[in-house]
Amino acid sequence: ETGVTQTPRHLVMGMTNKKSLKCEQHLGHNAMYWYKQSAKKPLELMFVYNFKEQTENNSVPSRFSPECPNSSHLFLHLHTLQPEDSALYLCASSQAFSEYEQFFGPGTRLTVL
Amino acid sequence: DQQVKQNSPSLSVQEGRISILNCDYTNSMFDYFLWYKKYPAEGPTFLISISSIKDKNEDGRFTVFLNKSAKHLSLHIVPSQPGDSAVYFCAASEQGGSEKLVFGKGTKLTVNP
């Protein structure tokens with residue numbers, strides 16, 4: 001595997017479910033990001049981890065809970081989501097937090113029923 | 001309020017001609033700008049960037065122009081090829097800030113054979 005991978009690629013869940021999105025980067029990077037892309041909206045930064053430490057929480061509701069066990073893995077735990085949370089969730093990584101060029105995964109298309 | 005605006009949701013160009021994608025920004029503190037390209041079912045990939053100390057950066061068929069006084073940048077693709085058909089995102093970042101990338105909504109480019 002190379003680059004940034006995300007699983008699952010598609011997820012359908014009910015509002016009472018608990019699920020997790022997984023991201024893995026094989027680039028040796030130290031910073032990882034979660035973005036949300038809703039229809040007809042710009043990519044919105046959700047969370048940033050730099051050397052496994054969360055450095056940014058962009059006013060994201062607590063029903064989204066990130067976890068970064070090491071520099072290569074990033075999770076987004078989902079609990080009691082709303083239909084308006086349906087979106088494409090993209091993971092990205094960069095060599096360091098100050099590096100502007102970020103490498104994106106293919107995303108997880110989430111549908112909340 | 002959107003800080004990075006791509007006012008054209010779509011653009012259609014004939015193969016071999018020039019494609020010009022535009023981006024406007026409102027935050028005068030932005031000093032680094034990037035273009036990302038996204039194919040369906042894939043994550044965005046970095047294309048080209050420009051620092052505010054420059055007004056032009058060229059990489060093969062891709063050239064980005066920056067007009068700081070107008071808070072405007074553009075991406076020129078010449079000659080356009082059918083494989084360039086994708087969604088193009090403009091992004092900006094602020095030096096000394098959180099290095100967050102702020103994205104536009106994207107412009108879907110279609111290059112017709």
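Throughout, protein chains are lettered first and strands after them, A, B, ... in sequence-line order, and every chain is numbered starting at 1.
Following chains of ILVMFWY side-chain contacts shorter than 4.5 Å, one can reach B:Y88 starting from B:I48, so the two form part of one hydrophobic cluster. Linking Ile, Leu, Val, Met, Phe, Trp and Tyr whenever their side-chain heavy atoms come within less than 4.5 Å leaves B:L66 and B:I20 in two separate clusters. Under a hydrophobic-cluster definition in which Ile, Leu, Val, Met, Phe, Trp and Tyr are linked whenever side-chain heavy atoms come within less than 4.5 Å, directly or via other members, A:M46 and A:L11 are assigned to the same cluster. B:F46 and A:L90 fall within the same hydrophobic cluster, defined by Ile, Leu, Val, Met, Phe, Trp and Tyr side-chain heavy atoms under 4.5 Å apart, directly or through other members. Cluster membership check: A:W34 does not share its hydrophobic cluster with A:F75, using side-chain heavy-atom separations under 4.5 Å among Ile, Leu, Val, Met, Phe, Trp and Tyr.
Residue B:Y39 does not touch chain A at all, counting heavy-atom pairs closer than 4.5 Å. In this structure, chain B has heavy atoms under 4.5 Å from both the backbone and the side chain of A:L43. With a threshold of 4.5 angstrom between heavy atoms, B:Q2 approaches chain A through side-chain atoms but not through N, CA, C or O.
No donor-acceptor distance shorter than 3.5 angstrom exists from the side chain of B:Y36 to the backbone of A:F104, with no hydrogens or angles considered. Using a distance-only test at 3.5 Å, with no hydrogens or angles considered, no donor-acceptor pair links the side chain of A:R109 to the main chain of B:A41.
We find the CD-CG distance between A:E101 and B:L34 to be 7.5 Å, quoted to the nearest 0.5 Å. Atom OH in A:Y33 sits 7.0 Å away from atom CG in B:L101 (nearest 0.5 Å).
Other residues, nucleotides and ligands contribute over 12 non-hydrogen atoms within 6.0 Å of the CZ atom of B:R61. The environment of A:K19 atom NZ is sparse: at most 12 non-hydrogen atoms of other residues, nucleotides or ligands sit within 6.0 angstrom.
The shortest heavy-atom contact between A:Q37 and B:K38 is OE1-CE, 4.2 Å.
Ranking B:P44, B:S49, B:G106, B:G104 against chain A, the residue ahead of the rest is B:P44, based on heavy-atom pairs under 4.5 Å.
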